[in-house]
Amino acid sequence: MPTRLVCVLVACAALTVGACSSDGTDVDDSSGGAQIQVVTAFFPLAEAAEIVGGDLVEVTNLTPAGAEPHGLELTTGERSDIEDADVLIVMGRGFQPAVEEVAEARSDGVTVEMLSALSVGTDSPDSLDPHVWLDPVLMADIVDETVSALSQADPDNQATYRANGDAYQGELAALDTAFAEGLADCASDVVVSAHDAFGYLTVRYDLRPVAIAGLSPDQEPSAQRVAELADLVKDEGVTTVFTEELVSPKVAESLAREAGVTTATLDPLEGLSKADADAGKTYLSIMEENLAALRTALRCS
């Protein structure tokens with residue numbers, strides 16, 4: 001994958017109010033003004049804002065490393081951060097009810113409900129599935145919406161946000177190509193995962209998702225459901241049941257034992273584990289790990 005570019009030299013040269021540092025990052029040296037305050041609901045949205053905004057923004061991620069975002073509860077300080085942010089970016093449609101409740105009460109600033117902005121899933125049974133970021137093509141659309149939001153809050157630096165977004169979208173396009181080519185010729189197309197997070201990813205690359213639990217990772221499957229899945233795993237020649245970083249692997253491991261197969265991690269990227277955060281992992285690096293795990297499990301050539 002290409003090294004992440006936060007701004008490109010052409011864009012920086014064209015800006016009379018900006019500059020590039022020696023490592024290619026965007027520097028706002030024109031006015032000495034305060035950074036744009038951006039509050040994001042969880043990891044993928046935070047990373048997109050950090051890359052698009054560069055040094056022009058200060059990004060607060062409401063979901064800390066090691067936390068699962070679905071049931072996030074807010075502190076008083078976090079509520080104030082949401083209310084006061086220049087830009088607030090959330091998923092919407094009930095993905096994080098506590099965050100969305102405070103977001104609805106905002107009277108100033110730019111607020112983006114990403115699922116509504118992308119207009120995905122509105123006419124399908126999967127309309128409540130929020131996991132759009134696992135599709136690199138839709139992640140590129142998230143970047144577009146982030147560029148628009150930051151540009152609306154800070155129009156003087158619109159060209160910089162657009163250049164940063166374009167550079168990141170180039171990397172996402174390369175990631176999409178890697179998935180399409182890497183999953184084009186596989187012995188199996190069935191992806192058995194701990195919870196129903198991989199619909200957009202599997203549809204993009206013509207795979208079949210099978211989830212142990214529903215959209216909530218805390219949902220417990222019935223014994224009958226586990227038995228049915230064990231039969232499916234055997235019948236379809238599935239080799240791997242996928243677990244997740246931030247969710248207990250017990251049910252997935254139980255299914256794997258009953259079906260006589262192995263487990264591996266497929267990360268839904270709802271948040272970083274503390275170890276991954278400390279290691280400096282990114283959306284791109286974890287998605288590359290996901291691709292490698294899928295290729296092994298599906299026996300791709």
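Residue indices begin at 1 and follow the sequence shown.
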When rounded to the nearest 0.5 angstrom, what is the spacing between CD1 in Ile89 and CG in Leu45?
-> 6.5 Å
Please report the C-alpha distance between Val210 and Val191 in whole Å, then the side-chain angles of each, then the deciding distance to 0.1 Å, and finally whether the side-chain contact (heavy atoms from CB on, under 4.5 Å) criterion is met.
-> CA-CA 6 Å; Val210 176; Val191 178; over 6 Å; no
For Leu118 and Ile142, the nearest pair of non-hydrogen atoms, with its separation, is CD1-CG1, 3.9 Å
If only atom types and distance count, is the side chain of Ser151 paired as donor or acceptor with the main-chain N or O of Val147 below 3.5 Å?
-> yes
Are any side-chain N or O atoms of Thr240 and backbone N or O atoms of Phe242, one a donor and one an acceptor, separated by less than 3.5 Å?
-> no
Decide whether Leu175 and Leu272 are clustered together by the hydrophobic rule: side chain heavy atoms of Ile, Leu, Val, Met, Phe, Trp, Tyr closer than 4.5 Å, transitively.
-> yes
Between Arg162 and Asp166, is there a side-chain N and carboxylate O pair less than 4.0 Å apart?
-> yes
Minimum heavy-atom separation for Gly92 to Leu115, with atom names?
-> O-CD1, 3.7 Å
Ser301 and Asp185 side chains, donor-acceptor separation under 3.5 Å = yes
Is there side-chain contact between Val190 and Leu232, with at least one heavy-atom pair below 4.5 Å?
-> yes
Looking at CG of Asp81 and CG of Leu74, how far apart are the two atoms once the value is rounded to the nearest 0.5 Å?
-> 9.5 Å
Ala153 versus Val87, closest heavy-atom pair with distance = CB-CG2, 3.5 Å
Check for a donor-acceptor pair, side chain of Thr265 on one end and backbone N or O of Thr243 on the other, with a separation under 3.5 Å.
-> no
Is it true that Tyr283 and Phe43 have ring centroids separated by less than 6.0 Å?
-> no
How would you list, by chain and number, every residue that makes a side chain to side chain contact (heavy atoms under 4.5 Å, CB included) with Arg106, sequence neighbours excluded?
-> Ile82, Ala85, Leu88, Thr111
In Å, rounded to the nearest 0.5 Å, how long is the span from CD1 of Ile212 to CG of Leu255?
-> 5.0 Å
So, do Leu56 and Tyr161 sit near enough that their side-chain heavy atoms are less than 4.5 Å apart?
-> yes
Parallel under 30°, tilted from 30 to 60°, perpendicular over 60°: which one fits the rings of Tyr205 and Phe179?
-> parallel
Minimal heavy-atom distance between Phe95 and Pro69, with the atoms involved, is CZ-CG, 4.0 Å
Evaluate the side-chain contact (heavy atoms from CB on, under 4.5 Å) criterion for residues Val112 and Val90: first the C-alpha distance (whole Å), next the side-chain angles of each, then the deciding distance (0.1 Å), finally the verdict.
-> CA-CA 6 Å; Val112 180; Val90 301; over 6 Å; no
Is there a donor-acceptor pair under 3.5 Å between the side chain of Asn290 and the backbone N or O of Asp267?
-> yes
Going by atom types only, do Gln96 and Thr63 share a side-chain donor-acceptor pair under 3.5 Å?
-> yes
Supply the atom-to-atom distance Met114 CE to Trp133 CH2, rounded to the nearest 0.5 angstrom.
-> 11.0 Å
pair Asp84-Gln37: side-chain heavy atoms closer than 4.5 Å | no
Taking all heavy atoms of Ala49 and all of Thr40, pick out the closest pair and write down the distance.
-> CB-CG2, 4.1 Å
Salt bridge (charged side-chain N to carboxylate O under 4.0 Å, His left out) contacts in which one or both residues fall within residues 289-301, not counting sequence neighbours | Lys281-Glu289
Heavy-atom closest contact (Val52 atom, Gly165 atom, distance) | CG2-CA, 4.1 Å
Find the distance between CG (Asp276) and CD1 (Ile286) and round it off to the nearest 0.5 Å.
-> 5.0 Å
Out of curiosity, Asp189 CG to Thr202 OG1, how far, rounded to the nearest 0.5 Å?
-> 10.0 Å
Answer yes or no: is there a side-chain heavy-atom contact under 4.5 Å between Leu269 and His131?
-> no
Glu58 side chain vs Gln35 backbone, donor-acceptor pair below 3.5 Å | no
May I ask you to decide if Thr75's main-chain N or O and Glu78's side chain share a donor-acceptor pair within less than 3.5 Å?
-> yes
Sequence neighbours left out, what pairs pass salt bridge (charged side-chain N to carboxylate O under 4.0 Å, His left out) with at least one residue falling in residues 221-234?
-> none
Looking at side-chain heavy atoms only, is the closest gap between Leu134 and Tyr200 below 4.5 Å?
-> no
Give the cluster check for Leu150 versus Val110: same hydrophobic cluster or not, with ILVMFWY residues linked at side-chain heavy-atom distances below 4.5 Å.
-> yes
When you look at Leu172 and Leu284, which way does the side-chain contact (heavy atoms from CB on, under 4.5 Å) test go after all the steps?
-> CA-CA 8 Å; Leu172 292 168; Leu284 290 170; 4.0 Å; yes
Beyond-backbone contact of Pro249 with Thr263, side-chain heavy atoms, under 4.5 angstrom = no
Check ion pair Arg93-Glu113 (N to O, under 4.0 angstrom) = no
The residue among Val132, Leu294, Leu207, Leu291 that forms side-chain contact (heavy atoms from CB on, under 4.5 Å) with Leu201 is Leu294
State whether the side chain of Thr296 and the backbone N or O of Ala293 hold a donor-acceptor pair below 3.5 Å, judged by distance alone.
-> no
Check the pair Met139 / Met287 against side-chain contact (heavy atoms from CB on, under 4.5 Å), numbers first and verdict last.
-> CA-CA 11 Å; Met139 184 64 180; Met287 285 295 285; over 6 Å; no
